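Mind having a look at this structure? Questions to follow.
All of these numbers come straight from a predicted model, not from anything done at the bench.
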Amino acid sequence: QVQFVESGGGLVQPGGSLRLSCVASGFPFSTYAMSWYRQAPGKERELVAAITNTGGSANYADSMKGRFTISRDNAKNTVYLQMNSLKPEDTAVYYCNARATIWGTVREYWGQGTQVTVSS
């Protein structure tokens, strides 16, 4: 029922840019906060960026500030992650996440991930 179609990942050289997209369906997209997480081999999954349901504000992990930008288009049920000045350390699987709290119960959905590889 809940589905995500992630795209935009791939191989890029250090200093390059990529734009990830996540098209969601099966839930009221505009009422959920959206986030991007990433996980490198042998590492814990970490938050990359998050954006409120309206797109009014966003938060970023320190290592991404100034390089990454999260945005959303509620009319298209899509969240984006613009990644600039990419580093080899950014290599990971990037996951789209939707989250909302309804009457004290957290509802959270995950995409299947898209690979980003930064290498020369």
When the side chains of residues 8-32 are checked against the rest of the protein, which donor-acceptor pairs come out under 3.5 Å, sequence neighbours left out?
from, atom 1, to, atom 2, distance (Å)
S17, OG, N84, OD1, 2.9
T31, OG1, P28, O, 2.8

Listing, residues 111-120 side-chain donor-acceptor contacts under 3.5 Å, not counting sequence neighbours, or none:
from, atom 1, to, atom 2, distance (Å)
Q115, NE2, A92, O, 3.4
Q115, NE2, T117, OG1, 3.3

| query | Between A58 and I70, which heavy-atom pair has the shortest distance, and what is it? | reply | CB-CG2, 3.7 Å

| remark: Rounded to the nearest 0.5 Å, the CG atom of N77 sits from the CD atom of Q3 at a distance of 12.5 Å

| hydrophobic_cluster_shared for Y37 and M64, side chain cutoff 4.5 Å | no

Output side-chain donor-acceptor pairs under 3.5 Å for residues 94-103, partner residues at least two apart or in another chain, one line each.
from, atom 1, to, atom 2, distance (Å)
Y94, OH, R38, NH1, 3.0
Y94, OH, D90, O, 2.7
N97, ND2, E108, OE2, 3.0

| query | Are L86 and F68 side-chain neighbours, meaning at least one heavy-atom pair lies under 4.5 Å? | reply | yes

| message | Determine whether a donor-acceptor pair (N or O, by modelled atom type, separation under 3.5 Å) exists between the side chain of R72 and the backbone of G55. | response | no

| request: Tell me whether V79 is reachable from Y109 by hopping between hydrophobic residues (I, L, V, M, F, W, Y) whose side-chain heavy atoms are closer than 4.5 Å. | output: yes

| field | CG-CE distance between N74 and M34, expressed to the nearest 0.5 angstrom | value | 9.5 Å

| request: Output the distance between atom CD (E6) and atom CH2 (W36), rounded to the nearest 0.5 Å. | output: 5.0 Å

| task | Search all heavy atoms of Y60 against all heavy atoms of K65 and return the closest pair with its distance. | result | O-CE, 3.3 Å

| task | Write down the atom of D73, the atom of Y80, and the distance for their closest heavy-atom approach. | result | CB-CE1, 4.2 Å

